[in-house]
Peer 1: 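The structure follows.
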There are 2 protein chains.
Amino acid sequence: MAQSAPTHDPTPDAELDELVGAFDAFVKAAKRSRARAEPGGAALTSSQVDLLHPLLDCEPGGLGLRELARLVGIAAPTATRMVDGLECRGFVTRARDPEDGRAVRIALTAEGTEVLLERRAQMLARRRAMFDLLTPSERRAAAKVLARLATAFERS
Amino acid sequence: MAQSAPTHDPTPDAELDELVGAFDAFVKAAKRSRARAEPGGAALTSSQVDLLHPLLDCEPGGLGLRELARLVGIAAPTATRMVDGLECRGFVTRARDPEDGRAVRIALTAEGTEVLLERRAQMLARRRAMFDLLTPSERRAAAKVLARLATAFERS
DNA sequence: TATTGTTATACTCTATAACTATA
DNA sequence: TATAGTTATAGAGTATAACAATA
C-alpha cells in the first residue's frame, strides 16, 4: 500500500490513520471527562442546559415555544415536555402571550438564571482547568487546530 | 481580576477565552456533522455500535452479557434489552454457555459483522473526507494537538 | 386555512430493585 | 451464599400524528 508517492504528500495513509486514532482517543477522553463531571447530581442535564440557553439572551418577554424548539433543534412536543418539567421546578415561567392567544412566552426565572449561570461557570472552570495543563504555545496551536477542524467539519 | 502577572504568561485570559471559544465551535460543528451523517436511516444507532464493538475482537464463543455490559460501560439490564433487539434483527446470537448453566454467550452473526464493519467504514470515510480538507502540516499539527488534549482531559 | 401549542403514542437509552436459575 | 441473567419499573430525551384554540 502507499506506493511512496514522493512528490509532496509523503505518507498520506499513515498520517491519516494517526490522525483518526488521535481523534478517537480525544473523543473518548472527552466523553469520560464529561461523564465524570456529570454524575447525576447536577441540577440540569445537558439537554436542559441547551434548552435554556437561548432564554438568556432574548427579549425580556421570553420566547415562544416553537421558536425555542427551533433554536435548540428539537421538535415542538419535545420542548413542551421539557418545559413542563422545568416549569414545575421553578426554572422557567410559561405565560400566555397577551397579543396572540395561541402563543405562549417562555422565560427564565431568577432561580433558573442562577442555576444556568452556575452550571455554565462550572463547565467553563472545568475547561480552564484542562487548558491550564497546556503550555502557552500548545494552547495557541490547539485554538488554531480546533478552529480549522470546525470549518472542515462544516464542509465535509 | 488578572492583575497582569507580567513574567512569563503574557495574555492568559484572552488566550484561554479564545481556546474555549474554539473548543465550543468545534464541539458544535462535530455534533452537526454527526447529526447530518446519522439521519435515522442507519441500521445501527451509535449506542448499538458501541455495544457490538467488543464482539468483533473476542474469542469465537462470544462474550457473557455482564462482561459485555462492563466493557461498554452500561448496566446489565440495559445490555439485556439492547441484545434483545439486536437478536431479533439477526445481528447477534444468544446461546446458553454449555459449561455454566447460568451464563449466556453473545456473539455477532455474519450479518451483524457485515453491518457493523460497513458502519465503521462509513464513519472512517467521513473522517477521512474531513481530514483530507487539511493540508499535510495541518494534519500533523492536529494529530499532535488532539493527542495532547486527550491526555489533558484524562488528567483534569 | 394556517399557526401555536398540547396530547397521545412510541421508541431508544439509561438506571435500580427484585426475581430466577445455577454454582 | 454468591453469581449470571432477566423482568419490572421508572425517567429522560427524542420523534410523528392528531388535536384544540386562535388568527
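Letters go in sequence order (proteins before strands), and every chain restarts at 1. Computed from a predicted model, the values in this text were never measured in an experiment.
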Peer 1: Does T45(A) or P98(A) map to a spot on DNA chain D nearer the 5' end, using the closest nucleotide for each?
Peer 2: T45(A)

Peer 1: I need the CG-P distance between D97(A) and dA23(D), as an integer number of Å.
Peer 2: 9 Å

Peer 1: Take atom CD of E67(A) and atom P of dT4(C), then tell me their distance rounded to the nearest Å.
Peer 2: 10 Å

Peer 1: I need the CZ-P distance between R81(A) and dT14(D), as an integer number of Å.
Peer 2: 11 Å

Peer 1: Could you measure the distance from the CG atom of L124(A) to the CZ atom of R128(A)? Nearest 0.5 Å is fine.
Peer 2: 5.0 Å

Peer 1: To the nearest angstrom, how far is R96(A) atom CZ from dA23(D) atom P?
Peer 2: 9 Å

Peer 1: T78(B) side chain N/O closer than 4.0 Å to the phosphate oxygens (OP1, OP2) of dA15(C)?
Peer 2: yes

Peer 1: Distance check needed: dT22(C) P versus L65(B) CG, whole Å only.
Peer 2: 17 Å

Peer 1: Would you indicate what R94(B) reaches in the nucleic acid, counting non-hydrogen atoms under 4.0 angstrom: base, sugar-phosphate, or nothing?
Peer 2: sugar-phosphate

Peer 1: Are the side chains of T78(A) and R81(A) in contact, using a 4.5 Å heavy-atom criterion?
Peer 2: no

Peer 1: Rounded to the Å, how far apart are D84(B) CG and dC13(C) P?
Peer 2: 12 Å

Peer 1: At 4.0 Å (heavy atoms only), tell me whether A75(B) reaches a base, stays on the sugar-phosphate, or touches nothing.
Peer 2: base

Peer 1: Can you measure R70(A) atom CZ to dG5(C) atom P for me and round it to whole angstrom units?
Peer 2: 12 Å

Peer 1: Taking atom P of dA4(D) as reference, at what distance in whole Å does atom CD of E99(B) sit?
Peer 2: 15 Å

Peer 1: State whether the distance check finds a donor on one side and an acceptor on the other, under 3.5 Å, for side chain R66(A) versus base dT3(C).
Peer 2: no

Peer 1: Base, sugar-phosphate or nothing for T80(B)? Non-hydrogen atoms, less than 4.0 Å.
Peer 2: base

Peer 1: Under 4.0 Å, heavy atoms only, any strand: does G85(A) hit a base, just the sugar-phosphate, or nothing?
Peer 2: nothing

Peer 1: Kindly compute the distance separating CG (L16(A)) from CG (D132(B)), expressed to the nearest 0.5 Å.
Peer 2: 5.5 Å

Peer 1: Between F153(B) and F131(A), does the ring centroid distance fall short of 6.0 Å?
Peer 2: no

Peer 1: Name the residue closer to the 5' end of DNA chain D, choosing between A103(B) and I74(A) according to the nucleotide with the nearest heavy atom.
Peer 2: A103(B)

Peer 1: Can you see which heavy atom on L51(B) is nearest to which on M82(B), and at what distance?
Peer 2: CD2-CB, 3.7 Å

Peer 1: Given that P77(A) and R102(A) both sit by DNA chain C, which one's nearest nucleotide is further toward the 5' end?
Peer 2: R102(A)

